[in-house]
Amino acid sequence: MGLRSPGRGLYRTRPYARGLGHPGIGFTRPSLPGNSASYRREFARDRDRIIHARAFRRLEAKTQVFTTRYSDHFRNRLTHTLEVTQIARTVAEALGLNADLAEALALVHDIGHPPFGHAGERRLDALMRRYGGSFDHNLHALRIVEQFEQRFPAHPGLNLTFEVREGIIKHSRDYSPDKFPELNEYLLDQRPPLEAQLIDRVDEIAYNTADLDDAMEAELLDLDQLNREVPFFAEAFSRVVRLYPRRSANLNSTKR
């Protein structure tokens, strides 16, 4: 896949990233009243529209890993999204990327997920294939923001910038132009901006740490086994034990 050309408005000192002043490539639809304001950048506007979307609120009722049957403290898809967003904005600012774009992409990255996580996605895909269709949460997210959300009388969908819609499609996997000709407008032969690539990494950081925390809450985590099998965890855990021996005494192999 080719790299994004600096001629598309990218900062030369930050290759393939969207600078804060970058307005976005544009919209698939004509610019509409209310799309721009002097106090809010385009990607910040996208962020706000995503937060106010009905599909965003529905994430609260979707399971991340553990259900609320046993605890009110487990993550759901909405709290996971908020944690991804916090990490994404922090990392984007540290790397000199466009934090508004990274934040918008983090907020929308799971908006197309069904209940029951990837197991639910696989089941829906299997059911759809009986009728010649398929289910992919990235493609469903694009349908949500382009068609299903009916927030404005002047147009369907949220009318998000190209970069956000491109990032929805390309942040976690590649799509073949031959198999998905309907997505050709999203430059399938090129890598997405770094802000979109960042989302896949910070998503892993968020769910790997949160899953461990939730497993501790569920009293399913064997700390002895984790220390044996994950050297990185063992190193961090040993530092905590040295620094806080009295607190660490409350930990055993199955619960805290």
Side-chain angles (χ1 to χ4, degrees), residues 4-5 8-10 16-60 62 77-78 81-82 84-85 88-89 92 97-114 135-173 175 177 180-188 190-200 203:
R4 190 64 59 77
S5 164
R8 300 300 294 270
L10 307 178
Y16 318 116
R18 294 302 189 196
L20 279 176
H22 186 74
I25 290 177
F27 308 95
T28 56
R29 293 167 292 278
S31 182
L32 300 166
N35 272 355
S36 61
S38 59
Y39 58 85
R40 186 171 59 172
R41 293 181 289 266
E42 297 288 359
F43 299 139
R45 186 212 65 175
D46 285 356
R47 173 203 62 206
D48 297 345
R49 290 189 173 186
I50 292 163
I51 288 174
H52 289 280
R54 296 176 68 190
F56 183 77
R57 295 194 295 275
R58 286 201 300 273
L59 293 174
E60 182 183 13
K62 295 180 180 180
R77 190 65 67 172
L78 179 58
T81 295
L82 296 176
V84 173
T85 302
R89 187 165 188 100
L97 306 181
N98 189 307
D100 287 346
L101 176 56
E103 183 177 25
L105 288 170
L107 288 167
V108 81
H109 86 283
D110 269 353
I111 207 168
H113 254 300
F135 183 85
D136 178 294
H137 80 272
N138 290 337
L139 301 183
H140 188 55
L142 190 65
R143 284 192 292 269
I144 288 172
V145 302
E146 289 196 329
Q147 302 172 31
F148 293 172
E149 287 290 329
Q150 299 292 327
R151 308 288 294 179
F152 305 95
H155 58 80
L158 301 179
N159 204 40
L160 304 179
T161 56
F162 175 88
E163 284 87 348
V164 171
R165 290 179 288 111
E166 178 194 26
I168 289 173
I169 291 297
K170 295 161 66 174
H171 75 274
S172 62
R173 59 161 292 184
Y175 291 87
F180 297 92
E182 70 276 15
L183 299 178
N184 280 340
E185 68 172 293
Y186 296 110
L187 311 176
L188 298 183
Q190 298 183 32
R191 299 299 300 167
L194 285 180
E195 291 85 355
Q197 298 179 47
L198 172 68
I199 299 305
D200 197 35
D203 188 26

Rounded to the nearest 0.5 Å, what's the gap from [atom1] on [X] to [atom2] on [Y]? Could you check?
{"X": "I50", "Y": "T85", "atom1": "CD1", "atom2": "OG1", "value": "9.0 Å"}
{"X": "E166", "Y": "L187", "atom1": "CD", "atom2": "CG", "value": "5.5 Å"}
{"X": "L59", "Y": "T81", "atom1": "CG", "atom2": "OG1", "value": "5.0 Å"}
{"X": "F180", "Y": "I169", "atom1": "CZ", "atom2": "CD1", "value": "9.0 Å"}
{"X": "E103", "Y": "N98", "atom1": "CD", "atom2": "CG", "value": "10.0 Å"}
{"X": "N138", "Y": "D110", "atom1": "CG", "atom2": "CG", "value": "8.5 Å"}

Check your understanding: Would you find a donor on one side and an acceptor on the other, under 3.5 Å apart, between the side chain of E185 and the backbone of E182?
Key ->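 Judged by distance alone, no pair lies under 3.5 Å.
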
task: Say whether, by atom type as modelled, one donor and one acceptor occur between the side chain of Q197 and the main chain of P192 under 3.5 angstrom.
output: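 Such a contact is found between Q197 side chain and P192 backbone.
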
Quiz item: Hey, what's the ring geometry for H137 with H113, parallel, tilted or perpendicular (30° and 60° as the breaks)?
Solution: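 Geometry flag for H113 against H137: parallel rings.
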
Please enumerate all residues that pass ring pair (Phe, Tyr, Trp, His ring centres under 6.0 Å) together with F56, with sequence neighbours excluded.
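None.
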
Sequence neighbours left out, what passes side chain to side chain contact (heavy atoms under 4.5 Å, CB included) with [X]? Give chain and number order.
{"X": "R57", "value": "R54, R151"}
{"X": "E60", "value": "N76, L78"}
{"X": "N184", "value": "P177, P181, L188"}
{"X": "F152", "value": "R49, H155, L158"}

**Prompt:** Hey, does L183 have a side-chain heavy atom less than 4.5 Å from the side chain of L142?
**Reply:**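 SC-SC contact between L142 and L183 confirmed.
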
Practice item. For side-chain contact (heavy atoms from CB on, under 4.5 Å), just list the numbers for I199 and E195, CA-CA rounded to whole Å, side-chain angles, deciding distance to a tenth of an Å, and then say yes or no. Key: CA-CA 7 Å; I199 299 305; E195 291 85 355; over 6 Å; no

task = Mind running side-chain contact (heavy atoms from CB on, under 4.5 Å) on R89 and D100 for me, showing each step along the way?
result = CA-CA 8 Å; R89 187 165 188 100; D100 287 346; 3.3 Å; yes

How close do A104 and F43 get, counting heavy atoms only, and between which atoms?
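Here A104 and F43 meet closest at CB-O, 4.0 Å.
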
- Task: Might you point out which heavy atoms bring A99 and A92 nearest each other, and give the distance in Å?
- Result: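 Smallest interatomic distance, heavy atoms only, reads CA-CB, 3.9 Å.
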
Determine whether D48 and R40 satisfy the following criterion, side-chain contact (heavy atoms from CB on, under 4.5 Å), listing intermediate values before the conclusion. CA-CA 10 Å; D48 297 345; R40 186 171 59 172; 3.0 Å; yes

Q) Would L198 and L105 satisfy side-chain contact (heavy atoms from CB on, under 4.5 Å), going step by step from the backbone distance to the final call? A) CA-CA 10 Å; L198 172 68; L105 288 170; over 6 Å; no

* If you look only at pairs with a residue in residues 135-144, which of them pass as a salt bridge (Lys or Arg N to Asp or Glu O under 4.0 Å), with sequence neighbours excluded? ->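 Qualifying pairs, neighbours excluded: D136-R173.
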
Could you tell me whether the side chains of T161 and D46 share a donor-acceptor contact shorter than 3.5 Å?
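Per modelled atom types, T161 and D46 side chains form a pair under 3.5 Å.
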
